[in-house]
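Input: a single structure, listed below in structure tokens.
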Number of protein chains: 2
Amino acid sequence: MAARARLSRDRIIDAAAAVADRGGLAAVSMRNVAAELDSEAMSLYHHVPNKEALLDGLADWAFLQIDLPDPAKPWRESMTARATSARAVLGSHPWALGMLESRPKPGPALLRHHDRVLGCLSEAGFSAALATHAFSTIDAFVYGFVLTEASLPFAAGEGAEAAFADEVGASADDYPYIAAHRAELLADKTFAFADEFAAGLDLILDAIEAQRRAAP
Amino acid sequence: MAARARLSRDRIIDAAAAVADRGGLAAVSMRNVAAELDSEAMSLYHHVPNKEALLDGLADWAFLQIDLPDPAKPWRESMTARATSARAVLGSHPWALGMLESRPKPGPALLRHHDRVLGCLSEAGFSAALATHAFSTIDAFVYGFVLTEASLPFAAGEGAEAAFADEVGASADDYPYIAAHRAELLADKTFAFADEFAAGLDLILDAIEAQRRAAP
DNA sequence: ACCTGAACACCGTTCAAGT
DNA sequence: ACCTGAACACCGTTCAAGT
């Protein structure tokens with residue numbers, strides 16, 4: 001936190017992101033963000049109209065971190081790279097996904113990102129209808145996967161076995177299919193939930209590729 | 001709001017859902033929820049340990065509204081019904097999705113729901129690995145689609161044409177692909193973003209069906 | 001037992017005052 | 001111009017007091 005320099009909208013939003021990474025979205029108060037900059041809450045209002053605007057900027061900040069896809073590359077390659085980057089970024093800043101729902105107006109970074117994705121598909125010869133199709137399915141998968149990864153009882157990764165029993169209680173009776181499913185997965189030493197991302201994405205890209213060949 | 005009756009955890013969470021539906025998650029304060037019940041903030045603490053627990057209950061409340069799938073029916077039919085119900089419910093209570101990210105411990109309604117979904121797949125002969133595959137991909141798609149629907153510049157529905165120009169400003173220069181894409185979509189009178197849900201879901205279910213035939 | 005008023009440490013925001 | 005202290009109406013929560 002490079003403190004005591006001149007305030008600016010960008011510095012304020014960076015500070016807000018740092019606060020959110022450390023303490024979650026609930027910790028992002030005008031006073032906390034100002035403190036992160038060795039400043040006072042009221043000083044922020046000279047660079048940001050109000051907290052809602054700060055949060056708009058914070059949501060967009062996350063999309064600024066995602067690599068822009070390259071329309072010159074083959075579409076499948078760009079889509080895979082973008083999805084992978086988006087997953088990494090949103091996984092590192094999970095508060096960003098929670099902001100989307102209540103923030104219908106996309107910021108410039110999000111729009112620029114969408115523009116480039118549509119650019120990739122357009123340059124590859126996708127019709128508008130098929131591009132929408134591809135875009136919305138891939139996007140939904142990426143957003144949803146990150147969300148799922150944070151909340152699925154078998155998604156946790158390290159020590160997930162013990163975690164389930166602890167978290168949910170002795171609940172094999174209440175949730176027999178989950179219990180059986182978990183046991184079967186744990187018996188398979190090669191299974192890792194994180195691998196589901198690449199698998200699911202490939203599944204979707206295969207289907208899109210087939211559709212594209214059928215009706216370019 | 002059936003007011004002045006005896007307080008209970010269930011009545012409190014129902015009231016919280018009503019407040020959230022009306023004013024968004026930000027409106028859900030202990031004082032507002034109590035007022036919805038013609039009561040006082042402090043009275044809630046006799047039925048709920050604190051606000052975080054109330055929010056846990058609220059997140060789970062949403063999953064209680066989603067139709068449970070029937071393991072006796074063909075798996076594709078149950079998955080489609082469940083996804084459709086989940087989309088409708090989460091679309092009507094969009095604040096629920098925003099809560100998932102910060103609430104890693106699933107509630108009983110969510111677990112029961114997951115258990116039944118895994119039950120459908122298990123009864124249909126899916127291996128644990130393939131069931132995880134199907135589950136996480138479908139779930140991700142549903143969550144992500146609802147999220148996307150609320151924030152995509154071409155997703156808005158009625159009056160979306162004008163909305164884009166208003167929302168984003170005269171930005172065809174900044175976002176040429178979005179502008180071209182939009183124009184092409186609007187020229188196609190048969191296009192509706194809402195249709196993308198069924199299309200994307202079918203695409204995923206087709207792919208799962210193919211995988212299942214290859215390695216049951 | 002269940003409910004509630006007053007009180008405390010917070011929060012976003014306004015406004016007047018400082019430089 | 002940029003920053004900030006005091007003040008206002010909120011917020012979650014504790015505690016003592018009511019029934």
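For the numbers below, each heavy atom of this structure counts, side chains included, while hydrogens, waters and symmetry mates do not. Below, chain A is the first sequence line, B the second, and so on; all start at residue 1.
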query = Do A:T132 and B:H181 get their side chains close enough for a donor-acceptor pair, meaning under 3.5 Å?
reply = yes
ask   = So does B:S39 get a side-chain nitrogen or oxygen closer than 4.0 Å to the phosphate oxygens (OP1/OP2) of C:dT4?
value = yes
task = Would you mind reading off the distance between B:R31 atom CZ and D:dC10 atom C1', rounded to a whole angstrom?
result = 7 Å
Under-4.0 Å salt bridge between B:D56 and B:R103 = yes
ask   = When you measure from the side chain of A:D60 to the backbone N and O of A:L110, does any donor-acceptor pair fall under 3.5 Å?
value = yes
ask   = Is there a donor and acceptor pair, one atom on the side chain of B:H46 and one on the base of C:dC3, closer than 3.5 Å?
value = yes
ask   = Can a donor-acceptor pair be found between the side chains of B:H47 and B:R11 at a distance below 3.5 Å?
value = no
inquiry  = Please report the distance, rounded to the nearest Å, between NZ in A:K51 and P in C:dT13.
reply    = 8 Å
query = Is there a donor-acceptor contact under 3.5 Å linking the side chains of B:H133 and A:E196?
reply = yes
remark   = Note on DNA chain D: ranges paired as stems (three or more Watson-Crick/G-U pairs in a row, both atom distances under 3.5 Å) are C:4-8 with D:12-16, C:12-16 with D:4-8
message = Is the distance from the ring center of B:H114 to that of B:F135 below 6.0 Å?
response = yes
key: Euclidean distance, atom CG of residue B:L25 to atom C1' of D:dC11 [Å, nearest integer]   = 14 Å
key: Integer-rounded Å distance: C:dT4 P and B:M42 CE   = 9 Å
message = What is the distance, to the nearest angstrom, from the CZ atom on A:R9 to the P atom on D:dA1?
response = 21 Å
key: B:F141 and B:F197 aromatic centres sub-6.0 Å   = yes
Distance test, side-chain N/O of B:H47 to OP1/OP2 of C:dC3, below 4.0 Å = yes
request  = Rounded off to whole Å, could you give me the OH-to-P distance for the A:Y45 and D:dA6 pair?
outcome  = 18 Å
ask   = In whole angstrom, what separates B:M30's CE from C:dT4's P?
value = 14 Å
note = When A:A27 and A:P49 are each assigned the nearest nucleotide of DNA chain C, the 5'-most assignment goes to A:A27
query = C:dC15 C1' sits how many Å from A:N50 CG, rounded?
reply = 17 Å
message = What contact category does A:S43 fall into here, base, sugar-phosphate, or nothing, at under 4.0 angstrom with non-hydrogen atoms?
response = base
request  = Measure from the side-chain heavy atoms of B:N32 and tell me the nearest of D:dC11, D:dC3, C:dC11.
outcome  = D:dC11
